[in-house]
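This report refers to the structure that appears directly beneath it.
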Amino acid sequence: MSEFVKEQEAIEQETVMRRTFIRLGIGAMATGYAAAIGYPIYAYLSTPAKRAAEAGSITEVRLEGAAKLPAGSAMVFKFGHKPALLIHHRDGRWVAMDAVCTHLGCTVQYETDNNRVFCACHGGVYDAVTGENISGPPPKPLSVYRVEVKDANVVVAKS
Amino acid sequence: MQTSLWRSRKVLVWLDERLALTELLEYARHKTVPEHKHSFWYYWGGISMFFFLIQVFTGVLLMVYYRPGAESYESVREITYDIRFGWLIRSAHSWSANLMVLAVFIHMFSVFFMKAYRKPREFGWWSGLALLALTMTFGFSGYLLPMDELAYFATKVGLELPASLPLVGKFINDVVRGGPEVGSVTIQRFFALHVVVLPLIFIPVLAFHLWLVQKHGNALPPSEEQKPIAERRSIPFFPDFFSKDLAMWLVALNVLAILASLYPWQLGPQADPLAPAPAGIHPEWYFMSQFQLLKLFGRWFPGVTGEVLGLVFFTLILLLWAIVPLYDTGTAAGRRAKVATWFGITVLALLIVTTIWGYWEVL
Ligand code: HEM
Ligand code: FES
């Protein structure tokens, strides 16, 4: 191989290297800008979701004055951001459970007469004490909470 | 590697056959832009447009949390203090609004002094003036939306001046302000104007403006026109001018990022119609000149006379400014061209002097 050809090849090699280098540089810069713009926008748009998740991560709710709830009735309260059910049974037992149906997410209700938890959307039925799914489409039981009556208040906690 | 390259080639060919991309590229390569010592001013239209795109982008993001009407202050407070990076989005929208107005002004004056309004570019001049008016209306309507003290009083004063005129006053009261006082009714309609009506008008006018620029190309300034054709230089639009355009946009983006993050836009206390106006209340800088002119005329000619005279004076200048392409038609060395240039210098000087004077008096 002549000196000339060698030299040409070296030059060519160098141009290719320089080109790759420039490309990499531009790519890195573009990525930097995309991240510097993209991250704040994502954080901005996702703030409510983050707040809801934070609200949902609580483990205990104190229901002021809920001890007044008459036996044989129920009330809906918010556990984090989700509705939950507090039932005062006729036999004096206190039970709290999720009020979000495990089928497609409708809010369930306590039926005093049938002493059961019922979902009106597709007729799902749950046990009012254990949260067990008894009939209808719900695939899973409703999760129950620990309940403690303290004077006039009721404290509901994740079990 | 080989196959993926081949595949992306195939996609390109597929697209090209349907969208005539090669044709477009060829066209862009043949289009040229003059290059000379005043070329720098050719970038300002593009910079204005860049800031408009930023406005659309950040504006839509603000709309995600902004609530017009009675809750407007509270919602802007949430954006500024509660929502992550909300302060940055709001700051970018506000700073970019001001930079956009500034860029449009620079663009207009550079077009004026390069005499780029002459035949066949008259409609470019007129559509450009419409874009400036729309931009300023964007700014005026947007400024009220947070409904803090400054926003409230600036809008109140801004509407009060023309509202004391016959005829115009009734229109302002009944239609623009929606009553005798600036309130949540006003915010709601300014919001509709700001996010729906103005963009709906602005975008087609901008498209018309761009189409004309594309059709007639960049005008040569008088100093270049005098050179023999052989001495004039030009560069291809694509990729040469286009990549410089992009570089300018990158500079604009960085300037905006620095201003918006280091000088976050402030939110004042909530507007209280019963509280006395804070000292030094004044409009945004781009309305300062008109504000000061009206104030001066009011001082020189007490009563409504002053305001009417001020408005007549202002309208006259605006009219002369708008019809300059019809007046300055000859060669750049002619008498009319010289008169037009002096008119431009006078207007620019008047604008700067009254703006500084205005700030001098309120600050
Ligand atoms: C489609 C385009 C636009 C949309 C959707 C939009 C949307 C909005 C919204 C929702 C607000 C209220 C939030 C806030 O006050 O921070 C706002 C405020 C504002 N806008 Fe726009 N905007 C657009 C274009 C423009 C343009 C072109 C300008 C001016 C050149 C402008 C100037 C302003 C100003 C000065 C404010 C007040 C900012 C503040 O003090 O917070 N906007 N805009
Ligand atoms: S959602 Fe409750 S049964 Fe379907």
Side-chain angles (χ1 to χ4, degrees), chain A residues 5 8-64 76-84 100 105 107, chain B residues 1 5 8 50-51 53-67 71 74-96 239 242-265 267:
Chain A
V5 171
Q8 286 302 306
E9 270 180 355
I11 289 173
E12 219 160 84
Q13 196 90 39
E14 210 181 290
T15 348
V16 169
M17 256 170 68
R18 180 175 304 154
R19 207 172 280 160
T20 319
F21 186 74
I22 289 175
R23 264 195 204 155
L24 274 176
I26 290 179
M29 223 172 75
T31 315
Y33 272 98
I37 295 170
Y39 175 70
I41 292 174
Y42 189 86
Y44 175 80
L45 290 174
S46 65
T47 300
K50 186 170 186 274
R51 296 281 145 81
E54 279 160 10
S57 67
I58 60 153
T59 54
E60 199 178 277
V61 172
R62 188 184 162 84
L63 304 168
E64 303 286 341
V76 178
F77 64 96
K78 263 182 127 174
F79 195 96
H81 53 92
K82 283 193 301 191
V100 181
T107 301
Chain B
M1 185 65 200
L5 206 70
S8 62
F50 175 72
F51 285 127
L53 295 178
I54 298 272
Q55 286 313 92
V56 175
F57 193 70
T58 52
V60 171
L61 285 172
L62 286 172
M63 278 177 76
V64 172
Y65 296 114
Y66 179 72
R67 299 187 296 278
E71 279 188 273
E74 171 56 19
S75 68
V76 176
R77 196 201 58 72
E78 279 168 21
I79 292 173
T80 313
Y81 299 112
D82 290 351
I83 306 291
R84 289 186 296 164
F85 292 103
W87 65 273
L88 184 59
I89 309 274
R90 175 167 175 252
S91 191
H93 193 74
S94 302
W95 273 110
S96 164
F242 184 68
S243 50
K244 288 188 183 182
D245 239 349
L246 284 186
M248 283 292 179
W249 286 22
L250 200 59
V251 172
L253 179 66
N254 287 333
V255 168
L256 174 63
I258 289 169
L259 289 172
S261 55
L262 296 188
Y263 304 95
W265 205 260
L267 180 65

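Every chain is numbered from 1, with letters handed out A, B, ... down the list of sequences.
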Is it the backbone or the side chain of L61(B) that comes under 4.5 Å from a heavy atom of chain A, or both, or neither? both

Heavy-atom pair with the smallest gap, counting every atom of R84(B) and S46(A): NH2-OG, 3.1 Å

So which heavy atom on T47(A) is nearest to which on D82(B), and how close? CG2-O, 4.2 Å

Any donor and acceptor pair, going by atom type alone, linking the side chain of Y65(B) with main-chain N or O of Y44(A) inside 3.5 Å? yes

Residues, nucleotides or ligands: over 12 heavy atoms within 6.0 Å of [X] [atom1]:
X: F57(B); atom1: CZ; answer: no
X: E64(A); atom1: CD; answer: yes
X: Y39(A); atom1: OH; answer: no

Taking the side chain as everything from C-beta on, heavy atoms only, tell me whether I41(A) gets closer than 4.5 Å to F85(B). no

Gap separating the CD1 atom of I83(B) from the NZ atom of K50(A), nearest 0.5 angstrom: 11.5 Å

